Number of protein chains: 2
Amino acid sequence: MSERISRRKLFGMGAAGVAVAGAGAIAVRGAGGEPAPARAASTSDPVPFYGEHQAGIVTPAQDRLHFVSFDVTTDKKAELAELLQEWTAAAARMTQGQEAGAFGAVGGEPEAPPDDTGEALGLPASGLTLTVGFGGSLFDDRFGLASRRPAALADLPHLPGDALLPEISGGDLCVQACAHDPQVAVHAIRNLARIGFGRVSVRWSQLGFGRTSSTSRAQATPRNLMGFKDGTANLKLEDVALLREQLWVGPDDGSGWMTGGSYLVTRKIRMLVETWDRAPLAEQEQIFGRDKGEGAPLGGKAEFDVIDFDAKGPDGEALIKDDAHVRLAHPSHNGGARLLRRGYNYVDGSDGLGRLDAGLFFIAYQRDPHRQFVAVQRSLAGKDSLNEYIKHVSSGLFACPPGVRDAGDYWGRALFS
Amino acid sequence: MSERISRRKLFGMGAAGVAVAGAGAIAVRGAGGEPAPARAASTSDPVPFYGEHQAGIVTPAQDRLHFVSFDVTTDKKAELAELLQEWTAAAARMTQGQEAGAFGAVGGEPEAPPDDTGEALGLPASGLTLTVGFGGSLFDDRFGLASRRPAALADLPHLPGDALLPEISGGDLCVQACAHDPQVAVHAIRNLARIGFGRVSVRWSQLGFGRTSSTSRAQATPRNLMGFKDGTANLKLEDVALLREQLWVGPDDGSGWMTGGSYLVTRKIRMLVETWDRAPLAEQEQIFGRDKGEGAPLGGKAEFDVIDFDAKGPDGEALIKDDAHVRLAHPSHNGGARLLRRGYNYVDGSDGLGRLDAGLFFIAYQRDPHRQFVAVQRSLAGKDSLNEYIKHVSSGLFACPPGVRDAGDYWGRALFS
Ligand code: HEM
Ligand code: HEM
């Protein structure tokens, strides 16, 4: 099939109504003069797939998420590498608004199963990004990769308050699908799972219905399910120098195959929304250290005002308490550690006890999870006044390799060759 | 608080960035000269709340769903009626892009919990509709309503193939929240649950990420997770005479309080997508009796071609098989019964067996569920070749009362007074 064939071509249709792949994608330049990560011109356009870094990390956070973790079911390294090549080819297509492509079976013939499951037929690329990561368990003795495991991919320690469910934690491989249309994100994950049939099986998957972070100064800050603006003090794609320091793995970081990659931590954090909803407004604002309406730091006026941790109220007490979330999570409290947060709100039905099962699917990227996520979470876990209202129920740590350079490259090539 | 206050006013903010409630809402006229159900002018505008019928039935299907079923926990009829009044007032506000409003607690004071949970602050109305229904269990002996139970609300019979889980079926009350922004739908349900604290508790709840039906000829037909266009032969809001015959409860239908209302059937239908994805294209098309690309009936060319059930292939065999879904579901096969379908695609993570837990949250409105849904589902359950790939796991039947006429009226007033 030609690279330019449209999703609508799949079942022998004409080209009417086709979303022309690649049209409308623009390249922007970051503040530091470096090429900034590609982004779509509108919410229906494609995001370029090839590049130095994987898309879906600093790409302006799309509205919807489908995240999946896989267990590898083959024990042959060659089959695993082949799967990653097939996934890369399918991702290069789907992110440009094309169908998944033919793998194994001949496509489009009445006697064969269709190559693409079809539910995204006629839909535009919708800003789809697919970002792959490798879990620590991939580096056990099945594939002879043990010696290639980066130190940064060491298991996360048990942290105070963890109530992790193993069946929705970890995994050998992960794929983060972000898009402005959930049908497009779900379609992509499903087709990757289908291509992986016999080699991987779905371990857990999570839908996020609304982004709860901004990763660009051009985006408005969204709200989480506690009603607060979330993502204000996030690392943003415009912070080119900081990203080099805090986000991207460098050539001297130990594992050459990860240069240009980043480490991904996921935490599913259940919110006890019913209890939260009974907390007074003043208490809610003290817990975060920001006001609920504007998102301004207490003592400040506007959302992006610099936080003044020394500000005192008329009673002489600190406006931002010692156990406030932004104080404990702030770089000044954590040896300068910063995160690129990219989480999503979730609702998974109800919990059987009369309450909605809702919260934050926390996603953070960083150069070293032990110096960054673990440091911040250790400050929070011990002391954060937010802890009364949340519970961490799943955890994942994945090494996301650098971007795929061109059609001859594939996800994790430097690891497998 | 004033009726026109904006969602942004809630935490003592100015009016900057306010979505002016009511602006942009238009009233359109249906083909039959009757006032057609109100709809929003764009996906961010409000849908009018007051009217002869509840919004959210023929309203052009919005993109996202949050559906919730409640158990009533009080046994006082007066408290239940009061709750419905509070819900009505909150719904009248939230559907117009305003905050939920003050109920019980004083609002907006630092010492009190906020009146609104806040996560929709700054978001427009987004076409939100809230549609309420009463389950058969509400008519037991708790509230003295037994004699008011409509015959049409008799429990659905057990149907072949049913694999229903009681914990996600039924319920005393339901609310269907549809909107173009999932955050707005989730916010609405959550605030209704919060207002109901101590009187209702959440029994089950379901998120639908993408609509899988059209309810207006002005809408493009979306695709379900089997990749087929879904909603082609649906009842549409433009079919005014048919709606009177098939959708709306009439004054002679037995229960006066339901005049202008409609009966809602929900079925959560799990799809075995992995098995489906291995079925040949020709088999998939025979199962539905339509082609996958266009959605045309087999033997036809275009999506809206009239189905020719007598069409034969070159081999003399019927093109649309005896066990094809559209043959079995067609009115000609079911004593003329038709449905207004309004379902949503869902993905609820994975099933612990390596597969996505995905399918269709089927929603259908009708004048008499026993003559309509049950008749159609009986034809399908016995014979439909689709059955190999699906499983009905939950079921609900609710009597949705007529619309709220004005600010002095409330959901179910004719039942409670
Ligand atoms: C349900 C759980 C959580 C909620 C509701 C939440 C919410 C928030 C909010 C509202 C802010 C202030 C606005 C902003 O700067 O983005 C914030 C800041 C922040 N949060 Fe969280 N957060 C949660 C969990 C976490 C976790 C698990 C971490 C990392 C371990 C984290 C790290 C941060 C950081 C680094 C900041 C920025 C602090 C600063 O530099 O001012 N948060 N969070
Ligand atoms: C996962 C389960 C189901 C799937 C995937 C499905 C899919 C479809 C599709 C693709 C069509 C053809 C396009 C259209 O006219 O909308 C259709 C038609 C229809 N379906 Fe279903 N359906 C399902 C379950 C049901 C159920 C449970 C009922 C009711 C008991 C039902 C009732 C109908 C009706 C009435 C039609 C229109 C038939 C006609 O008049 O041509 N469907 N369905």
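Proteins come first, then strands; the chains are lettered A, B, ... in the order of their sequence lines, and each starts at number 1. As the structure is a prediction and not an experimental result, all values here were calculated from the model.
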Checklist entry - Does B/L356 offer a backbone N or O that forms a donor-acceptor pair with the side chain of A/R190 under 3.5 Å? => result no
Item to check | Polar side-chain atom of B/R64 near backbone of A/F209 as donor-acceptor pair, under 3.5 Å | outcome: no
How close do [X] and [Y] get, counting heavy atoms only, and between which atoms?
X: B/R194; Y: A/D277; value: NH2-O, 3.1 Å
X: B/P113; Y: A/R278; value: CG-O, 3.4 Å
X: B/P280; Y: A/P114; value: C-CD, 4.4 Å
X: A/V347; Y: B/S205; value: CG1-OG, 4.4 Å
X: A/K292; Y: B/L121; value: O-CD2, 4.5 Å
X: A/R223; Y: B/E119; value: CB-O, 3.9 Å

Relative to chain A, which segment of [X] carries a heavy atom at a distance below 4.5 Å: side chain, backbone, both, or neither?
X: B/E167; result: neither
X: B/A279; result: backbone
X: B/F197; result: side chain

For the candidates [options], which exhibits the highest count of non-hydrogen atom pairs separated by less than 4.5 Å from chain A?
options: B/V273, B/I189, B/N224, B/D348; answer: B/V273
options: B/A193, B/S350, B/P222, B/A220; answer: B/S350
options: B/F67, B/W204, B/F70; answer: B/W204

Next on the checklist: I need the B/L225 CG to A/H187 NE2 distance, nearest 0.5 Å.
Outcome noted: 10.5 Å
Checklist entry - CD of A/E111 to CG of B/L281: how many Å apart, nearest 0.5 Å? => result 9.0 Å
Checklist entry - Under a 4.5 Å heavy-atom cutoff, which of A/D181, A/D351, A/L207, A/D230 has the most pairs with chain B? => result A/L207
